[in-house]
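This report concerns only the one structure given below.
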Amino acid sequence: MFRVSRELSFCYGHRLLNYEGKCRFLHGHNARVLVTLEADQLDRRGMVVDFTHIKETLQRWLDQELDHKMILHRSDPVVPLLQAVGEPIVLLDVNPTAENIARYIYDQAHRMGLPVTEVILWETDTSFATYRPRG
């Protein structure tokens, strides 16, 4: 089994619903993402996936879809207010925790055809969440 990982980054804002701590307020993060890809065999170039391809596909998506946007649960009461003033938002069906954002990125990498096995999202320099599907 061969494995490669690429670190990517983006900035985002969010807040957590049904949460008693200070993360219930709108706030932002400078996120780091480590995406890991695996393959049983290498391609004709001797690679799992070219690091440049990961950057050109997944980093581009992060820049366009998540960077400098508020990631919120679609039922968050602040959504209509932010939409009314034209703020860029991303709506999820789940609470926008680091765990759920890691899965959101994993799902996108998978849809892009990348042989992704794991996504780690650092919300801060000392706190991160990992998504890796079972099996």
note = The reported gap from CG in L8 to CZ in R32 (rounded to nearest 0.5 angstrom) is 11.5 Å
key: Side-chain touch C11/H68, heavy atoms, less than 4.5 angstrom   = yes
note = Residues at least two apart in sequence or cross-chain that pass side-chain hydrogen bond (donor to acceptor under 3.5 Å, both in side chains) with R24, listed by chain then number, are none
task = To the nearest 0.5 angstrom, please state how far the CG atom of L72 sits from the CG atom of L91.
result = 6.5 Å
request  = Indicate, with yes or no, if I105 and M70 share a hydrophobic cluster defined by side-chain heavy-atom contacts under 4.5 Å among Ile, Leu, Val, Met, Phe, Trp and Tyr.
outcome  = no
Quick one: side chains of residues 40-48, donor-acceptor pairs under 3.5 Å with protein atoms, not counting sequence neighbours, listed by atom name and distance.
{"unit_1": "D43", "atom_1": "OD1", "unit_2": "R45", "atom_2": "N", "d": "2.9"}
{"unit_1": "D43", "atom_1": "OD1", "unit_2": "G46", "atom_2": "N", "d": "3.1"}
{"unit_1": "D43", "atom_1": "OD1", "unit_2": "M47", "atom_2": "N", "d": "2.9"}
{"unit_1": "D43", "atom_1": "OD2", "unit_2": "R45", "atom_2": "NE", "d": "3.1"}
{"unit_1": "D43", "atom_1": "OD2", "unit_2": "R45", "atom_2": "NH2", "d": "2.6"}

message = Would a single hydrophobic cluster contain both M112 and V4, if residues Ile, Leu, Val, Met, Phe, Trp and Tyr are joined by side-chain heavy-atom contacts under 4.5 Å?
response = yes
ask   = Is any side-chain heavy atom of S9 closer than 4.5 Å to a side-chain heavy atom of N30?
value = no
query = Under the 4.5 Å side-chain heavy-atom rule for ILVMFWY, direct or indirect, which residues accompany F128?
reply = L34, I120, W122
ask   = Which residue pairs pass the salt bridge (Lys or Arg N to Asp or Glu O under 4.0 Å) test when at least one of the two sits in residues 9-23, sequence neighbours left out?
value = R15-D76
key: salt bridge (Lys or Arg N to Asp or Glu O under 4.0 Å) contacts touching residues 86-98 (sequence neighbours left out)   = R74-D93
ask   = Is there a donor-acceptor pair under 3.5 Å between the side chain of R6 and the backbone N or O of I54?
value = no
ask   = So which pairs with a foot in residues 59-73 pass salt bridge (Lys or Arg N to Asp or Glu O under 4.0 Å), sequence neighbours left out?
value = none
ask   = Nearest 0.5 Å, what's the CG-SG distance between L17 and C23?
value = 12.0 Å
query = According to a 4.5 Å side-chain heavy-atom criterion applied to Ile, Leu, Val, Met, Phe, Trp and Tyr, with indirect links allowed, do V94 and L66 form part of one hydrophobic cluster?
reply = yes
Ring pair (Phe, Tyr, Trp, His ring centres under 6.0 Å) contacts touching residues 80-107 (sequence neighbours left out) = W61-Y104, Y106-Y131
request  = Output every pair passing ring pair (Phe, Tyr, Trp, His ring centres under 6.0 Å) with a member in residues 16-49, not counting sequence neighbours, ordered by first then second residue.
outcome  = Y12-H29, H14-H27, H14-H29, H27-H29
ask   = Sequence neighbours excluded, which residues qualify as side-chain contact (heavy atoms from CB on, under 4.5 Å) partners of T97?
value = L16, N95, E99, N100
ask   = Residues in side-chain contact (heavy atoms from CB on, under 4.5 Å) with T126, at least two apart?
value = T124
query = V119 and F2: same hydrophobic cluster, using ILVMFWY side-chain contacts below 4.5 Å?
reply = yes
request  = Return the set of residues passing side-chain hydrogen bond (donor to acceptor under 3.5 Å, both in side chains) with Q83 (not counting sequence neighbours), or none when no residue passes.
outcome  = none
request  = Kindly give the heavy-atom pair with the smallest separation between A129 and A102, and that separation in Å.
outcome  = O-CB, 4.2 Å
Among L114, V116, L62, side chain to side chain contact (heavy atoms under 4.5 Å, CB included) partner for V35 = V116
inquiry  = Strictly by side-chain hydrogen bond (donor to acceptor under 3.5 Å, both in side chains), give each pair with a member in residues 47-57 just once, sequence neighbours left out.
reply    = none
message = Minimum heavy-atom separation for L121 and A31, please, with both atom names.
response = CD1-CB, 3.7 Å
note = Output for pair (I89 CD1, I71 CD1), nearest 0.5 Å, gives 11.0 Å
query = Atom CZ in R103, atom CD1 in I101: separation rounded to 0.5 Å?
reply = 14.0 Å
inquiry  = Between T36 and S5, do the side chains contain a donor N or O and an acceptor N or O under 3.5 Å apart?
reply    = yes
